[in-house]
Q: 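Got a structure for you, questions after.
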Amino acid sequence: MAKPALPQGTRDFPALVVRKRNHIFSTIKQAFELYGFQPLETPAMENIDTLMGKYGEEGDKLIFKILNNGLDRSEKHITAKNDFEKLLEGKTIKGITERALRYDLTIPFARYVAMNHGQLIFPYKRYQVQPVWRADRPQRGRYREFYQCDADVVGSYSLLNEVELASIYSRVFEKLKINVEIKINSRKILAALAEICGGAEKMPDITIAIDKLDKIGLDKVKEELLQRNLSAAQVGIIENFLKISGGNESMLHQAEELVGNTESGKKGIEELRFILSYQAPNSNVKIDFTLARGLNYYTGVIFEVKALDVQIGSIGGGGRYDDLTGLFDVPGIPGVGISFGVDRIYDVMEELNLFPDDVITGPQLLFFNLGENEARHAFSLLQQLREKGIAGEIYHESSKFDKQFKYAEKKAIPYVVIIGSKELENNSCVLKHLQSGEQQTLTTGQLLTYSF
RNA sequence: GAGGUUGUAGCUCAGUUGGUUAGAGCGUCAGUUUGUGGCACUGAAGGCCGGGGGUUCGAGACCCCUCAUCCUCCCCA
């Protein structure tokens with residue numbers, strides 16, 4: 001037997017980590033619920049047709065495919081071998097693989113909406129917190145299995161949805177005590193920029209290049225734009241656009257001068273202005289015209305959340321898209337959504353020491369086991385405490401104090417309850433707080449009403 | 001898909017120009033200690049040196065292959 005190991009790019013989460021992650025998950029879920037979003041869960045696997053072709057050529061390669069069962073049956077050998085030949089050519093063959101692991105939450109959501117649009121109440125607001133799988137090469141902060149936390153509203157063009165989603169971001173990060181800036185931009189403004197720099201077909205080139213600004217700097221972006229066949233004059237316009245800075249309103253003015261004479265430019269600026277009009281004066285929502293977001297399906301307002309006190313990539317992002325379910329032959333359902341990057345949020349909180357102490361506690365007390373009769377009595381008291389919602393344990397066997405103390409200490413259990421023959425006799429117990437070393441003798445009645 | 005890093009005890013790591021029986025710290029277990037832990041002392045268990053091949057009288061160390069790992073790029077969260 002080989003040494004046990006994890007599959008590449010996956011992780012085990014020990015108790016403390018699970019508790020911390022759950023703290024993040026539950027904070028996010030509470031916020032989603034508070035804004036009227038409803039939970040949705042979809043299967044780990046989808047039919048391969050549902051996923052293939054939805055994430056671009058690169059994406060298709062990163063989808064984990066599931067091998068069909070029963071290929072060893074002799075009557076299937078000939079077709080299986082033929083199919084496998086085609087598989088080797090890089091095609092996806094249903095005879096070999098009919099199913100694949102979920103690659104993100106958006107496409108399964110779209111599939112769900114397309115299948116159930118007759119029954120759903122629109123606008124449909126759902127949130128979904130589940131793992132996804134990608135056959136990517138793992139590296140720092142990148143895994144083959146990771147959680148996504150998405151909330152989307154579909155079936156509504158109202159910008160009020162954008163306002164609400166921005167507000168969810170604010171609320172969640174405030175609760176988690178992470179200082180953030182919520183950056184917004186509009187793809188319509190970027191479309192307008194493309195329009196005056198060579199036409200709409202330049203849009204992907206421009207957004208892909210701009211998206212890298214943070215990482216590679218202005219000069220390299222200009223270089224890349226030139227490589228993508230934009231003229232020096234056009235690159236100059238883009239540079240001016242990217243250099244727009246100042247307060248939100250001032251930035252909108254400057255953008256107006258550059259792209260305000262186009263239809264989509266006007267529209268995009270109007271949208272941003274509307275959303276900003278809902279923000280409090282000290283709001284952390286900030287225009288960032290250099291924000292592009294790589295995904296090409298975004299068509300309207302786009303978001304990205306940046307942590308201010310830690311050098312790390314974005315910890316959340318999202319935006320509006322025109323036609324979620326068109327790929328599944330149900331046209332005309334627009335939507336807008338956001339997503340939280342849980343792994344990075346975790347790293348930020350760990351680095352800034354933001355996890356509250358009470359998320360990391362397990363059981364409150366340990367009953368010592370000092371013999372058969374003592375244990376029976378301790379067990380009955382423990383059960384009564386559990387009825388009151390107090391988590392506790394009884395040591396699994398009668399043994400030396402030393403061992404039982406060390407067990408409690410290692411599990412970070414704050415209290416131990418000692419019931420030996422003396423205590424058994426006079427119906428009392430010794431309650432000891434490990435950290436302070438203080439202990440007191442209580443009657444069992446007092447123990448049952450003690451506030452831990 | 002491209003480039004690099006590191007694989008030695010449960011964990012973190014030493015191991016000299018190739019030389020006898022591969023070490024330390026932490027952790028684990030037992031004892032000093034059968035009603036009060038953290039400390040101390042004593043002792044014990046724990047290793048196909050990632051795997052395979054080669055060079056050599058001799059390989060943990062050198063060479064080749066392979067697997068795993070982490071990191072960077074592409075792409076993405």
Side-chain angles (χ1 to χ4, degrees), chain A residues 1-11 14 55-63 90 102-106 129-150 204 208-209 211-212 214-216 220 224 292-297 303-307 312-319 337-348 366 368-371 374 395 397-425 428-441:
Chain A
M1 184 70 189
K3 272 189 184 175
L6 284 171
Q8 189 178 41
T10 65
R11 296 163 288 172
Y55 308 103
E57 216 173 297
E58 284 296 313
D60 282 356
K61 286 186 201 158
L62 299 181
I63 292 172
R102 174 169 69 214
Y103 179 88
D104 72 353
L105 300 180
T106 306
V129 178
Q130 288 190 277
V132 302
W133 294 271
R134 296 187 185 178
D136 209 350
R137 183 154 304 191
Q139 50 183 277
R140 203 234 291 254
R142 263 170 92 172
Y143 305 95
R144 289 184 150 189
E145 177 185 68
F146 61 98
Y147 271 75
Q148 289 194 330
C149 280
D150 286 15
I208 288 169
D211 199 43
K212 296 179 185 168
D214 248 10
K215 229 176 186 175
I216 62 177
K220 294 261 181 189
E224 179 155 348
R293 302 213 35 92
L295 295 172
N296 273 318
Y297 58 75
F303 299 100
E304 200 160 285
V305 182
K306 202 182 157 211
I312 198 166
S314 75
I315 55 177
I338 56 171
S339 170
F340 288 84
V342 176
D343 289 299
R344 281 187 181 170
I345 292 172
Y346 183 95
D347 290 343
V348 169
L366 173 75
F368 272 24
N369 185 333
L370 298 172
E374 291 86 345
Y395 197 74
E397 60 191 7
S398 171
S399 69
K400 296 194 297 187
F401 268 55
D402 182 56
K403 285 189 94 164
Q404 307 200 39
F405 269 123
K406 281 182 176 158
Y407 179 82
E409 200 181 327
K410 271 186 246 169
K411 283 192 81 172
I413 298 172
Y415 291 95
V416 298
V417 183
I418 302 168
I419 299 174
S421 48
K422 272 185 295 187
E423 289 79 8
L424 197 58
E425 229 167 83
S428 67
C429 64
V430 173
L431 177 68
K432 178 159 183 167
H433 187 248
L434 285 188
Q435 216 170 357
S436 63
E438 281 166 22
Q439 67 178 50
Q440 50 190 314
T441 304

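Each chain gets a letter, A, B and so on, in the order its sequence line appears, and its residues count up from 1. The shown structure was predicted, so the numbers you read here are calculated from the model rather than taken from an experiment.
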Q: Let me know the distance between CZ of Arg11(A) and P of U69(B), rounded to the nearest Å.
A: 14 Å
Q: From G37(B), G35(B), C75(B), pick the nucleotide closest to the side chain of Glu423(A)?
A: G35(B)
Q: Testing the basics here: between Leu370(A) and Ile418(A), what is the closest heavy-atom pair and its distance to 0.1 Å?
A: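 So the two residues come closest at CD1-CG2, 3.8 Å.
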Q: If the C1' atom of G53(B) is compared with that of C67(B), how far apart are they to the nearest Å?
A: 14 Å
Q: Need one value for Tyr143(A): base, sugar-phosphate or nothing, where a base atom within 4.0 Å counts as base even if backbone is also close, heavy atoms only.
A: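 Base, at least one base heavy atom under 4.0 Å.
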Q: Report yes if some heavy atom in the side chain of Asp136(A) is under 4.5 Å from a heavy atom in the side chain of Arg142(A); otherwise report no.
A: yes
Q: Could you give the CZ-to-P distance, from Phe303(A) to A77(B), as a whole number of Å?
A: 16 Å
Q: Between C48(B) and G43(B), how far is it from one C1' atom to the other, in whole Å?
A: 28 Å
Q: Got Lys422(A) and Ser428(A) here, is their nearest side-chain heavy-atom distance under 4.5 Å?
A: no
Q: Taking only the side-chain heavy atoms of Arg142(A) (C-beta and beyond), determine which of G35(B), A77(B), G38(B) contains the nearest atom.
A: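 Comparing G35(B), A77(B), G38(B) against the side chain of Arg142(A), the answer is A77(B).
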Q: Does Phe368(A) have any ring-ring contact (aromatic ring centres under 6.0 Å, His included) partners at least two apart in sequence or in another chain, and if so, which?
A: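 Phe368(A) satisfies ring-ring contact (aromatic ring centres under 6.0 Å, His included) with Phe401(A), Phe405(A) only.
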Q: Ignoring backbone atoms, test whether Gln8(A) places a side-chain nitrogen or oxygen under 4.0 Å from the OP1 or OP2 oxygen of U69(B).
A: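 Checking Gln8(A) against U69(B): at least one side-chain N or O falls below 4.0 Å of OP1 or OP2.
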Q: Does the U36(B) base have a donor-acceptor partner in the side chain of Gln439(A) within less than 3.5 Å?
A: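 Present.
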Q: When rounded to the nearest Å, what value does the distance between P atoms of G51(B) and C11(B) take?
A: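 So the two P atoms sit 15 Å from each other.
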Q: Return the value, rounded to whole Å, for the distance between atom NZ of Lys410(A) and atom C1' of C26(B).
A: 13 Å
Q: For RNA chain B, please output the secondary structure as dot-bracket, reading 5' to 3'. Pairs are Watson-Crick or G-U wobble, both atom distances under 3.5 Å; mark crossing pairs with [ ], other-strand partners with |, unpaired with a dot.
A: ((((.((..((((.....[...)))).(((((.......))))).....(((((..]....))))))).))))....
Q: Tell me what Gly420(A) touches on the nucleic acid: a base, only sugar-phosphate, or nothing, going by heavy atoms under 4.0 Å.
A: base
Q: Using heavy-atom distances to pick each residue's nearest nucleotide on RNA chain B, tell me which of Asp402(A) and Pro138(A) is more 5'.
A: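 Comparing both residues, the 5'-ward one is Asp402(A).
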Q: Testing Gln440(A), Gln439(A), Glu438(A) for side chain to side chain contact (heavy atoms under 4.5 Å, CB included) with Lys432(A), which one passes?
A: Gln439(A)
Q: Given atom OH of Tyr103(A) and atom C1' of C76(B), what is their separation to the nearest angstrom?
A: 7 Å
Q: For Arg140(A) and Ile208(A), find the nucleotide of RNA chain B closest to each by heavy atoms; which residue's nucleotide sits nearer the 5' end?
A: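 Going by which nucleotide is closer to the 5' end, it is Arg140(A).
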Q: Is there a donor-acceptor pair under 3.5 Å between the side chain of Asn369(A) and the backbone N or O of Tyr395(A)?
A: yes
Q: If we take the P atom in both A44(B) and G35(B), what is their distance in whole Å?
A: 28 Å
Q: Can you tell me, in whole Å, how much space there is between the P of C74(B) and that of A9(B)?
A: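 These two P atoms come out 36 Å apart once rounded.
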Q: Base, sugar-phosphate, or nothing for Leu370(A), non-hydrogen atoms under 4.0 angstrom?
A: nothing
Q: Indicate whether OP1 or OP2 belonging to C75(B) is found under 4.0 Å from a side-chain N or O atom of Lys212(A).
A: yes
Q: Round to a whole Å and report the spacing from CZ of Arg144(A) to P of C76(B).
A: 18 Å
Q: From G35(B), G37(B), U72(B), pick the nucleotide closest to the side chain of Ser421(A)?
A: G35(B)
Q: Quick one: do Asp347(A) and Arg140(A) make a salt bridge, cutoff under 4.0 Å?
A: no
Q: Between G15(B) and G31(B), how far is it from one C1' atom to the other, in whole Å?
A: 33 Å
Q: Kindly point out which of A77(B), A2(B), G37(B) is positioned nearest to the side chain of Arg137(A)?
A: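 Output: A2(B).
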Q: Does any part of the side chain of Ile345(A), heavy atoms only, come nearer than 4.5 Å to the side chain of Val348(A), both counted from C-beta?
A: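 Not in contact.
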Q: Using a cut-off of less than 4.0 Å, is there contact between a side-chain N or O of Lys400(A) and OP1 or OP2 of A30(B)?
A: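 Negative; the distance criterion is not met.
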Q: Heavy atoms within less than 4.0 Å of RNA chain B: which residues of residues 431-438 of chain A have one? Give them sorted by number.
A: Lys432(A), Leu434(A), Gly437(A)
Q: Between U17(B) and U28(B), how many Å separate the two C1' atoms, rounded to a whole number?
A: 39 Å
Q: Between Asp60(A) (CG) and C76(B) (C1'), how many Å, whole number?
A: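 After rounding, the reported distance stands at 15 Å.
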Q: Are Phe146(A) and Arg11(A) close enough that some pair of their side-chain heavy atoms sits under 4.5 Å apart?
A: yes
Q: Does any non-hydrogen side-chain atom of Tyr103(A) lie less than 4.5 Å from one of Arg134(A)?
A: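 Yes, at least one pair of side-chain atoms sits under 4.5 Å.
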Q: To the nearest Å, give me how far apart CZ (Phe401(A)) and P (U34(B)) are.
A: 12 Å
Q: Round to a whole Å and report the spacing from CD of Glu58(A) to P of A2(B).
A: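 About 13 Å, once rounded to whole Å.
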Q: Heavy atoms under 4.0 Å, any strand shown: does Gly141(A) hit a base, just sugar-phosphate, or nothing?
A: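 Since a base atom lies under 4.0 Å of Gly141(A), the category is base.
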Q: Can you tell me if Asp150(A) uses its side chain to pair, donor with acceptor, with the backbone of Ser339(A) under 3.5 Å?
A: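 Absent.
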Q: Quantified in whole Å, what is the C1' atom distance between nucleotide A68(B) and nucleotide G50(B)?
A: 7 Å
Q: With a 4.0 Å limit, can you tell me whether Lys403(A) has a side-chain N or O closer than that to the phosphate oxygens OP1/OP2 of A30(B)?
A: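 Affirmative; the distance criterion is met.
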Q: Under 4.0 Å between a side-chain N or O of Gln139(A) and OP1 or OP2 of U72(B)?
A: yes
Q: Backbone N or O of Ser314(A) within a donor-acceptor pair of the Arg344(A) side chain at under 3.5 Å?
A: yes
